[in-house]
Amino acid sequence: MRLANKVAIITGAGSGLGAADAKLFAQEGAKVVVADTWDEGGEAVAGGIQKAGGDAQFVHADVTQEGDWERLLAATRAAFGRLDILVNNAGLSASSQLDPLSLDGWRTIMEVNSTGVFLGTRHAIPAMLEGGGGSIVNISSILGFVGTPHGHPAYHASKGAVRIFTKAIAVAYGPQGIRANSVHPGFMPVMRSSTAASEEALETSARIAPLRRIGKPIEVAYGVLFLASDEAAFITGAELVIDGGYLAQ
């Protein structure tokens, strides 16, 4: 098993990419803490892992709240005694805020997508150092590389921030055994936070990419698994693009 005896926190794991990560990590031997604000989804994911013979628990956590991170780390230590992996997956979509010039929309997206990643990293690092190191995988987006005319521009800004923040952490904490890498998915199924996006619109956008389709959460999860595992022990500060070739054009 690729993550045997590893302890992982995955945020936004009640649905979508985070749920795919949690299930795959558990299959590969990790003890998984499923974190989400959506209690029903998070409990269902953790319960499904347990029924399949894996080790998981759900913790309600809002990634924008430092107190929630403190409770999340405390619960992880209490349950499993350590932390080896953090997947900062929780995020809002570009279409979660309809007005592209809304200041409140800007603040909301930046708080979840960028500040949430900072807070998670801030609290995970001391726990990882106790165990001699660890792996942080931050979920960014292809829209952290390029702009589009759709959705709130804060989404692009937030994902670009995650991209360079990851490199800063990799450089600062690599000497202490902590790796940090970012993953950049392309067009994926509609997120829970989307208010205007549709599968049809996503399919249309995805047809621009060489592989001519939207991606599947499990296809991203395998990339996250690799970066989280010891197979990627000499990889840090890297950007893994999983986009059907969109950015190659």
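Quantities reported herein were computed from a predicted structural model and do not represent experimental measurements. Reckoned from all heavy atoms, side chains included, excluding hydrogens, waters and symmetry mates.
- Note on ring orientation: taking the six-membered ring where Trp is involved, the planes of His123 and Trp69 are parallel (angle under 30°, cut-offs 30° and 60°).
- Here Tyr173 contributes atom OH and Thr236 contributes atom OG1; the two are 13.0 Å apart, rounded to the nearest 0.5 Å.
- Under the 3.5 Å distance criterion, the side-chain polar atoms of Thr11 are matched with a main-chain donor or acceptor of Ala90.
- Heavy atoms from other residues, nucleotides or ligands lying under 6.0 Å from CG of Asp39 number more than 12.
- Side chain of Ser229 to main chain of Phe226: a donor-acceptor pair is present (N/O by atom type, distance under 3.5 Å, no hydrogens or angles).
- When atom types are taken as modelled, the side chain of Thr115 and the backbone of Thr64 share no donor-acceptor pair closer than 3.5 angstrom.
- No donor-acceptor distance shorter than 3.5 angstrom exists from the side chain of Arg163 to the backbone of Ser140, with no hydrogens or angles considered.
- Arg77 has its side chain out of reach of Leu83: every pair of non-hydrogen atoms, C-beta onward, lies at least 4.5 Å apart.
- Under 3.5 Å, the side chains of Asn138 and Ser182 contain no donor-acceptor pair of N or O atoms.
- Salt bridge absent: Lys6 and Glu28 never bring a charged side-chain N and a carboxylate O closer than 4.0 Å.
- Counting all heavy atoms, side chain and backbone alike, Leu73 lies closest to Ile9 at CD2-CD1, 4.2 Å.
- Residues Leu240 and Ile235 are members of one and the same hydrophobic cluster, defined by side-chain heavy-atom contacts under 4.5 angstrom among Ile, Leu, Val, Met, Phe, Trp and Tyr.
- The local environment of CD in Glu66 is crowded, with over 12 non-hydrogen atoms from other residues, nucleotides or ligands closer than 6.0 Å.
- In terms of modelled atom types and a separation under 3.5 Å, the side chain of Asn181 and the main chain of Gly237 share a donor-acceptor contact.
- To the nearest 0.5 Å, atom CD of residue Glu231 and atom CG of residue Leu3 are 8.5 Å apart.
- Not one N or O on the side chain of Ser96 forms a donor-acceptor pair closer than 3.5 Å with the backbone of Leu92.
- Taking the side chain as every heavy atom from C-beta outward, Val220 and Val183 approach each other to under 4.5 Å.
- Under a hydrophobic-cluster definition in which Ile, Leu, Val, Met, Phe, Trp and Tyr are linked whenever side-chain heavy atoms come within less than 4.5 Å, directly or via other members, Ile218 and Val32 are assigned to the same cluster.
- Taking CG from Asp68 and NE2 from His60, the interatomic distance works out to 6.0 Å, rounded to the nearest 0.5 Å.
- Side-chain atoms of Ser102 and His152 include no donor-acceptor pair closer than 3.5 Å.
- Taking 4.0 Å as the cut-off between side-chain N and carboxylate O, Arg82 and Asp84 count as a salt-bridged pair.
- The shortest side-chain heavy-atom distance between Phe187 and Asp243 does not fall under the 4.5 Å cut-off.
- More than 12 heavy-atom neighbours from other residues, nucleotides or ligands sit within 6.0 angstrom of CZ on Arg213.
- Across Ile85, Val87, Ile125, Leu227, a single residue satisfies side chain to side chain contact (heavy atoms under 4.5 Å, CB included) together with Ile136, and that is Ile125.
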